[in-house]
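For reference, the structure discussed in these notes is given below.
Just so we're clear, the structure is a prediction, and the values are computed from it rather than from any experiment.
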Amino acid sequence: MSLTNEITLPSIDTLDPKEYIIIKNARVNNLKSLSVAIPRNKLVVVTGLSGSGKSSLAFDTLFAEGQRMYVESLSSYARQFLGRMEKPDVEYIKGVSPAIAIQQKVTTKNPRSTVGTTTEIYDYLKLLFSRIGRTISPVSGDEVKHHTVTDVVDFIHTFEEGEKVMVSCPLHLSKGRSMKQELDLLLQKGFTRVLVNGDPYFVEDMVSMSDLPKGEYEILIDRASIRHEDEDNQFRIADSVQTAFFEGHGECTVLIPDKVKRTFSDRFELDGMSFELPSVNFFSFNNPYGACKTCEGFGSVLGIDPDLVIPDKSMSVYEGAIAPWRGESTGKWLEPLVKKGIYFDFPIHRAYEDLSDAEKELIWTGNSYFKGLNAFFEDLESKTHKIQYRVMLSRFRGRTTCPDCKGTRLRKDASYVKVSGKSITDIVLMPIEKALAFFQEIELSEAESKVANRLLKEILNRLEYIDKVGLGYLTLNRLTSTLSGGEYQRIKLATSLGSALVGSMYILDEPSIGLHPRDTDRLIEVLKSLRDMGNTVIVVEHEEKIMKAADQIIDIGPDAGLKGGELVFQGNLDELLTEGKSYTAQYLKGEEKIQTKTQNRKWRDSILVKGARENNLKNLTVKFPLNTLTVVTGVSGSGKSTLIKKVLYPALGKYLGTVIDETGKFDKLEGDFKKISQVEFVDQNPIGKSSRSNPVTYVKAYDAIRTLFSDQPLAKQRGYKPAFFSFNVDGGRCEACQGEGTVTVEMQFMADIHLTCESCKGKRFKNEILDVKYKDKDISDILAMTIDEAMEFFQGKAAIINKLQPLQEVGLGYVGMGQSSNTLSGGEAQRVKLASFLGKGGTKPGDHILFIFDEPTTGLHFHDIRKLLHSINALIEQGHSVIIIEHNTEVIKAADWVVDLGPEGGEKGGHVTFEGTPESMMAEEGNYTAKYLKESFQ
């Protein structure tokens, strides 16, 4: 059943909205009156080239309408914005269910947000530990207990009916008072008797005595008889016990004459230590009560980073290994160590990495012959009123793990509280797969089970789903802001699954990002379970495996941008393979192929990372050839990002003096790394911090466009400078929206709403600026063009064309010139960065840049991967080196060298399972990547 608009339109009005979600004549962005019926409670994949209109259909049309209809049902406060909240440009949408969108972007930069808090697991853990946690003394290992009023009353009622009982407490002398004054005060409080060495006395009599008896004084709170069935009697005893605890500063004595005398304490103490009673806030690092006092719950502090102080550990002290002591004035701190090192047998000519731990420590602490680095930085701190010293200090500062809480963020005594032998800090530092196993096997008493059953069910539910989506290697303590787009999306997916909604419409944006082909199978099972619960699951995706698992495929195209926006196919996989004529069909059938290299490049130079031990890396030594395309691969959580982002990139960056990030643990860099003149990490973070940032400003094409407009006769006549055509500075921009074209309305408890500026109608500039035209187009019209349109429009203007061409080459011709950077996907942002490097034309002659790409195929169709590889190879032809972290088998095939980590994720990963060419990798047995690579070559 191959559907196009012509076939769908006549019949779409007759379909039942209870069975289909019906969209008629959608014209959002580049959609060309697209009509489609999406079957309910099915797994539907929306595919097509990058920029063909997939997201416009799924998010800007379907989700936007679902959200609008939801807001419509809310309070009048929320609805007051509805008149301005635009309806998607569509004739009608019928059968929309409550919509949940799970997008790629890591939407939180909150330094306190962790995997545990995002998935709500940490909230349940706090409740669990505050309800059934046992406080264990770190001195003796015994459980700390205290008595409650109930404990004392229960003890009294273990004796027989009619027994006499006395409730008393120690009499504490207040500071500055005599015993007589204390007794007088007791009389005023209403107490009539005291016990001295166990004998009763009337307080009234004792006040008039000249000599008081010596011994142990107790206040006799109450005397009563035990009556098991008398409720008033029970209340009376409970009141007396409560009073005894208060007057006795936490102590209460129960005496059954001739039988037993027992003292109870409501103080939470043991081994001479006082402990805090567990509460929910006690385990919250977002609350001042529970947060570590040193780092205030952040887990890290700003301190002196040893890697910045000694960036090249292969150098000796004599050669200048200590960076802050290389200067002319600061060199005087080094002189005593070099000249007097012989007196205390310090090897000044030995490489820093070869020094013993004691010798390394000596450099920091100093001795009687020289002052160490600690004294040097203290001296700098004392002079921070001068700017040069503040600048110098800032060069050596970095985020270091909090010395008190060791990165766990919680106050130290929170770890004394245990459930089944584990503290909350133990659990959040475990990989999720281990935490899951712990909770599956947890042993609790009957009373604890009654309290904890519901909590355990919620915790287990969420942990199971996180493990199922292939993230069992993460810890609950992992910062959300450090997750990749794909990891964050799968965390949100697991949270949605854990809350078990039914009858909803889930719209996912490429959930397979960052997944090794092995883990994609597990993701498919999760998507199917979401569907089987009674939800419609719509996935924007290019992954072949997910297409094959879908109940239905919707293909948008035929091309990107203005040439896209049409429904080119709708049906199942078999129908796509037999009837489909789109790019998707051609690649799936094998009629089109991503062109791979003809032969591997020869290389002589390489960089060697020795002894990498950060996170789960097991003392690796890895080789990275230069002037080649190297791909680092392996299953999710095997250590790829740690090796490249935490070790190689910051280590090289610190050598070059361009990176201040903390470097992961490793021994040293060897090989030809000194031939590298620059290292560029091209990640998926947004291209600009401002929402006004866009692709054209990023590649510096807008400067030439502004100059062109300021050269027009009308602009010269009115004295408009190039800055008047900028939306970033005052002058020509609309001041109501400050050149953004939209105004943001902050909504309480909801996502902010972005509305078109009423002053400039979204054009960004003042009317008088829009009077200036080039070829009948004003500056706002230029920003509304796509890159492809602009390439035609500015034909002959080399300054503009040369800057825009790389954007077209990396497959971003469909992107709007003025499209805000925060609307670009992670993959698009990454390709904008790639285009900016291509546009620089190889920088200075002889420059050798090492480019590191983090999953550049994100959001790319097969057809676009071909363009991407062409651009990456162009960088290598210019004399640079490229390292890519990637799972896509087509990119692995195109590599000259492959480094595979594994064999599993998390603690079972961190080994090099293969180094060599892709062709030789296929011969590997028992290697996950080799297995899928073999299938790809067939």
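H516 places a side-chain heavy atom less than 4.5 Å from the side chain of T929. The shortest distance between side-chain heavy atoms of F837 and V682 falls below 4.5 Å. Residues L648 and V622 have side chains not in contact (no heavy-atom distance under 4.5 Å, counting atoms from C-beta outward). Using a 4.5 Å heavy-atom threshold, the side chains of T628 and I876 count as separate. For the pair Q808 and D788, the minimum side-chain heavy-atom distance is below 4.5 Å. Using a 4.5 Å heavy-atom cutoff, the side chains of V832 and L812 are in contact. Considering only heavy atoms from C-beta on, N627 stays 4.5 Å or farther from D896 through its side chain. Inter-residue side-chain proximity for L471 and S636 is flagged as unmet; no heavy-atom pair is nearer than 4.5 Å.
Not counting sequence neighbours, the partners of T917 by the side chain to side chain donor-acceptor pair (under 3.5 Å) test are S920. Under the ring-ring contact (aromatic ring centres under 6.0 Å, His included) criterion, F681 pairs with Y649, sequence neighbours left out. Here H911 pairs with nothing under the side chain to side chain donor-acceptor pair (under 3.5 Å) rule; sequence neighbours left out. Partners of Y473 under the ring-ring contact (aromatic ring centres under 6.0 Å, His included) rule, at least two apart in sequence or in another chain, do not exist in this structure. By the ring-ring contact (aromatic ring centres under 6.0 Å, His included) test, F673 pairs with Y655, sequence neighbours left out. Applying the side chain to side chain donor-acceptor pair (under 3.5 Å) criterion to T621, with sequence neighbours excluded, gives no partner residue. F666 is linked by a ring-ring contact (aromatic ring centres under 6.0 Å, His included) to nothing, counting only residues two or more places apart in sequence or in another chain. D354 meets the side chain to side chain donor-acceptor pair (under 3.5 Å) test with no other residue; sequence neighbours excluded. Every residue two or more places apart in sequence or in another chain was checked for a salt bridge (charged side-chain N to carboxylate O under 4.0 Å, His left out) with D672, and none qualifies.
For the atom pair L901 CG and L643 CG, the distance stands at 6.0 Å (nearest 0.5 Å). For the atom pair CD (E924) and OG1 (T913), the distance works out to 7.5 Å, reported to the nearest 0.5 Å. Expressed to the nearest 0.5 Å, how far CG of L626 lies from CH2 of W897 amounts to 12.5 Å. Distance check, rounded to the nearest 0.5 Å: CD1 of I801 to CE of M791 gives 4.5 Å. Atoms OG1 and CZ, on T118 and R478 in that order, are 12.0 Å from each other to the nearest 0.5 Å. Taken from CG in L869 to CD1 in I884, the straight-line distance is 7.0 Å, to the nearest 0.5 Å.
A donor-acceptor pair under 3.5 Å is absent between the side-chain atoms of K700 and the main chain of K803, judged by distance alone. In this structure, the side chain of S836 does not engage the main chain of V699 through any donor-acceptor pair within 3.5 Å. Side chain of R831 to main chain of P856: no donor-acceptor pair is present (N/O by atom type, distance under 3.5 Å, no hydrogens or angles). Formation of a donor-acceptor pair under 3.5 Å by the T119 side chain with backbone atoms of V115 is found in this model. At least one donor-acceptor pair under 3.5 Å links the side chain of T47 to the backbone N or O of E541.
Contact between A560 and S50 at its shortest, heavy atoms only, is CB-O, 3.2 Å. Listed here is the closest heavy atom pair of P650 and K645: CD-O, 3.1 Å. The shortest non-hydrogen separation linking K893 to P918 is O-CG, 4.1 Å. Considering every non-hydrogen atom in both V539 and P511, the closest pair reads CG1-CD, 3.5 Å. In plain terms, the two heavy atoms of V540 and K54 that are nearest each other are CG1-CE, 3.8 Å. The two atoms that bring C295 and C405 nearest to each other are SG-SG, 3.6 Å, heavy atoms only.
For the pair R409 and F298, the cation-pi test (distance below 6.0 Å, angle within 45°) is failed. With a 6.0 Å cutoff to the six-membered ring centre and a 45° limit on the axis angle, K360 counts as a cation-pi contact of Y352.
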Could you check T633 against F914 for side chain to side chain contact (heavy atoms under 4.5 Å, CB included), going step by step and ending with a plain yes or no?
CA-CA 10 Å; T633 185; F914 175 82; over 6 Å; no
Pair R522, D519 - check side chain to side chain contact (heavy atoms under 4.5 Å, CB included), show working.
CA-CA 5 Å; R522 295 165 78 184; D519 300 309; 3.7 Å; yes
Please test I705 against I800 for side chain to side chain contact (heavy atoms under 4.5 Å, CB included), starting from the C-alpha separation and ending with a verdict.
CA-CA 7 Å; I705 293 171; I800 300 171; 3.7 Å; yes
Side chain to side chain contact (heavy atoms under 4.5 Å, CB included) evaluation trace for I491 with L474
CA-CA 10 Å; I491 284 286; L474 293 178; 4.1 Å; yes
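Considering H880, Q678, K833 in turn, H880 is the only one that fulfils the side-chain contact (heavy atoms from CB on, under 4.5 Å) rule with F851. Just one residue in the list L783, N694, N728 forms a side-chain contact (heavy atoms from CB on, under 4.5 Å) with Y702, and that residue is L783.
Counted within 6.0 Å of CD on E296, heavy atoms from surrounding residues, nucleotides or ligands total 12 or fewer; the atom is thus considered open.
Taking a cutoff of 4.0 Å between a charged side-chain nitrogen and a carboxylate oxygen, D305 and K654 qualify as a salt bridge. Using a cut-off of 4.0 Å between Lys/Arg side-chain N and Asp/Glu carboxylate O, E904 and R518 are scored as salt-bridged.
Within the structure, salt bridge (Lys or Arg N to Asp or Glu O under 4.0 Å) pairs that include any residue of residues 856-870 comprise E592-R866 (at least two apart or interchain). Residue pairs meeting the salt bridge (Lys or Arg N to Asp or Glu O under 4.0 Å) criterion with at least one member in residues 874-883, sequence neighbours excluded, are R601-E877.
In this model, a donor atom of one side chain and an acceptor atom of the other lie less than 3.5 Å apart for S881 and H848. Side-chain contact check for N477 and T114: no donor-acceptor pair (N or O, by modelled atom type) lies under 3.5 Å.
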Could you give the side-chain donor-acceptor pairs of residues 607-619 under 3.5 Å, partners two or more places apart or in another chain?
unit_1 : atom_1 : unit_2 : atom_2 : d
R613   : NH1    : G611   : O      : 2.8
R613   : NH1    : D667   : OD1    : 2.6
E614   : OE1    : K665   : N      : 3.0
N615   : ND2    : T642   : OG1    : 3.3
N616   : ND2    : G637   : O      : 3.1
N616   : ND2    : G906   : O      : 2.7
K618   : NZ     : N616   : O      : 3.0
K618   : NZ     : E907   : O      : 2.8
K618   : NZ     : G909   : O      : 2.8

